[in-house]
Structures are given as C-alpha cells and as structure tokens.
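Below is one structure, written out as structure tokens, with a few remarks after it.
This is a predicted model, so every value here is computed, not measured.
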Amino acid sequence: MAPGLLDLVNLTTWAVCAVIKLPQLVAVLRAGSASGLSVGSLLLELAGFLVFLRYQIYYDYPLDTYLEYPIIIAQDVILLFCIMHFSGKTKRALFYAVVFWVGWYMLTLKKWIIDLAMNLCTFVSAASKLVQLQHLWQTKDSGQASALTWGMSAYTCATRIITTVMTTNDLAVLIRFIIMLILNIWVTATILHYSKTKKTD
C-alpha cells in the first residue's frame with residue numbers, strides 16, 4: 001500500500017507542477033500587466049527553490065522527492081521575466097541571473113553553507129509569501145494574481161509533507177513544507193477575498 005501511495009502522490013505532484021505557474025503566466029500575458037504581483041516575492045521564492053533543490057541534490061535524496069523543482073524554477077524564471085518586462089525593469093534580469101548562478105555554486109563550497117542555507121531557506125520562502133500578502137493588503141487588489149496557481153502550490157506542499165515522511169523524514173524539509181502549506185493557503189484565501197471584493201464593487 002505505501003509504495004503505491006507514494007507513487008500516486010509523486011505523480012500527482014509532478015503533474016500539478018508541470019503546469020503550476022501557467023495560470024499565472026496566462027493571466028499576466030492576457031492582461032499585459034503584472035499588477036497584483038510582487039517582484040520581491042517572486043525573487044525570494046526563486047531563491048528558496050534554488051536552495052532547496054541544491055540541498056536535495058547535495059544530500060543525494062531520491063529524485064522522486066524533488067523532480068518538480070527544476071520545472072517550477074524554469075516557470076518562475078519565465079514569469080519573473082514577464083513581470084519585469086511589463087514593469088519596465090527588463091534590464092535587471094541579467095543581474096538577477098548572475099546573482100542566482102553564483103549563489104548556486106557557492107552553496108556547496110562547504111557542508112555548513114548548504115546546511116545553513118537550507119535552514120534559512122524556510123525563512124526566505126516564508127518571506128516570499130509574506131511579501132506577496134503585504135502587496136495584496138496594501139493594494140487591496142488581487143490584480144493578475146492567480147488563486148489557482150497558489151492553490152496548486154498548497155496542494156504540492158501537502159503532498160510533499162506525505163512524501164517527506166515516507167522517504168527521507170528530514171525534519172528541516174518537513175517544517176519547510178508545513179509552513180509553506182499554511183502560507184500558500186493564506187495567500188490563496190487573500191487573492192480570493194480581493195477577487196470577490198473587486199467583482200462586487
């Protein structure tokens with residue numbers, strides 16, 4: 001039973017992650033606007049994803065437990081470029097690419113660096129959600145923010161809690177997914193709230 005459940009959870013996670021940012025990308029491209037989205041939030045999210053992926057690779061964890069991260073990172077990079085394009089900040093993209101590229105290699109120079117980065121990764125990823133929440137609260141407008149994308153993120157966090165318990169049982173990873181689940185649900189609810197408010201006005 002357990003291996004079958006693990007396979008099912010992994011498959012559904014990969015399927016969701018294959019399209020997780022597409023609703024957000026479609027909304028931004030259709031509107032020709034990045035309103036409702038925070039560049040800072042996306043940069044923090046991308047940093048958290050890169051650290052998490054590097055940590056999983058460094059400790060040689062099963063590929064099944066993190067296969068979706070390269071896919072999500074690629075989608076985040078495309079989304080970030082679109083947001084920067086519509087915000088008139090395209091020239092900054094090269095700077096961010098260099099910073100992330102250098103960071104990717106520096107993370108594994110010493111074991112203590114990757115371990116510290118993983119512990120800080122939870123705070124960075126949580127900060128990305130809090131920055132998006134703050135942006136929504138300040139503007140009181142969900143703009144192009146996609147509740148579907150954030151809802152799918154909550155689902156993948158829930159599935160990764162299950163796979164972490166069933167495979168690596170890494171406490172740092174488990175805590176990260178629990179915190180991200182709570183925050184993703186909060187952002188989803190906030191987007192839905194401001195979407196309803198906008199429709200009733």
Side-chain angles (χ1 to χ4, degrees), residues 17-59 66-139 141-146 149-150 152-153 156-157 172-173 176-177 179-180 183-184 187 190-191:
C17 287
V19 297
I20 198 164
K21 298 292 180 170
L22 291 183
Q24 189 63 77
L25 278 165
V26 168
V28 168
L29 292 172
R30 276 190 186 154
S33 165
S35 70
L37 300 172
S38 166
V39 171
S41 172
L42 193 56
L43 288 169
L44 288 168
E45 178 180 70
L46 189 55
F49 286 163
L50 287 168
V51 168
F52 186 75
L53 177 62
R54 195 66 163 156
Y55 178 86
Q56 298 281 326
I57 293 168
Y58 183 82
Y59 281 105
Y66 64 88
L67 184 61
E68 69 273 13
Y69 278 86
I71 298 164
I72 298 172
I73 289 167
Q75 291 177 55
D76 258 359
V77 168
I78 294 166
L79 180 59
L80 180 62
F81 185 78
C82 289
I83 292 171
M84 294 180 89
H85 170 74
F86 291 121
S87 302
K89 300 175 184 174
T90 310
K91 292 180 182 178
R92 291 187 188 174
L94 179 61
F95 170 75
Y96 292 132
V98 170
V99 168
F100 284 127
W101 188 261
V102 169
W104 176 261
Y105 287 101
M106 290 183 63
L107 284 171
T108 55
L109 291 177
K110 299 277 185 185
K111 180 185 179 303
W112 68 267
I113 296 173
I114 191 67
D115 289 340
L116 177 62
M118 180 58 195
N119 288 322
L120 294 175
C121 171
T122 299
F123 295 109
V124 169
S125 294
S128 78
K129 312 307 182 217
L130 294 172
V131 167
Q132 182 62 45
L133 281 166
Q134 180 185 23
H135 183 78
L136 291 166
W137 294 331
Q138 284 177 341
T139 62
D141 180 15
S142 61
Q144 308 316 314
S146 169
T149 291
W150 286 92
M152 288 191 292
S153 294
T156 61
C157 287
V173 173
R176 178 184 189 278
F177 283 129
I179 292 170
M180 294 308 103
L183 291 173
N184 281 324
V187 173
T190 304
I191 291 169

Does any part of the side chain of [Y], heavy atoms only, come nearer than 4.5 Å to the side chain of [X], both counted from C-beta?
X    : Y   : value
D115 : Y59 : yes
M152 : P23 : yes
L53  : P70 : yes

I need the [X] [atom1] to [Y] [atom2] distance, nearest 0.5 Å.
X    : Y    : atom1 : atom2 : result
M180 : C157 : CE    : SG    : 7.0 Å
C121 : L116 : SG    : CG    : 11.0 Å
D141 : H135 : CG    : NE2   : 8.0 Å
F123 : L130 : CZ    : CG    : 11.5 Å
I72  : E68  : CD1   : CD    : 5.0 Å
L25  : I20  : CG    : CD1   : 11.5 Å

Can you list every pair that meets side chain to side chain donor-acceptor pair (under 3.5 Å) and has a residue in residues 121-134, with sequence neighbours left out?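 For residues 121-134: E45-K129, S125-R176.
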Partners of F52 by ring pair (Phe, Tyr, Trp, His ring centres under 6.0 Å), sequence neighbours excluded?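 Result, ring pair (Phe, Tyr, Trp, His ring centres under 6.0 Å) vs F52: Y69, F177.
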Under 3.5 Å, side chain of [X] to main-chain N/O of [Y], donor-acceptor pair present?
X    : Y    : answer
Q144 : A34  : no
S153 : T149 : yes
S38  : S41  : yes

Does atom CH2 of W112 have more than 12 heavy-atom neighbours from other groups under 6.0 Å away? no
Trace of the side-chain contact (heavy atoms from CB on, under 4.5 Å) decision for F49 with V124: CA-CA 10 Å; F49 286 163; V124 169; over 6 Å; no
Nearest heavy-atom neighbours spanning L37 and A145: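 Where L37 meets A145 most closely, the heavy atoms are CD2-CA, 3.8 Å.
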Correct closest heavy-atom pair for A117 and V51 would be O-CG1, 3.4 Å
Under a 3.5 Å cutoff, is there a donor and acceptor pairing between the side chains of N119 and Y55?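 Y55 and N119 do not have a side-chain donor-acceptor pair below 3.5 Å.
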Could you list the donor-acceptor pairs under 3.5 angstrom formed by side chains in residues 80-108, with sequence neighbours left out?
unit_1	atom_1	unit_2	atom_2	d
S87	OG	I83	O	2.8
T108	OG1	R54	NH2	3.0

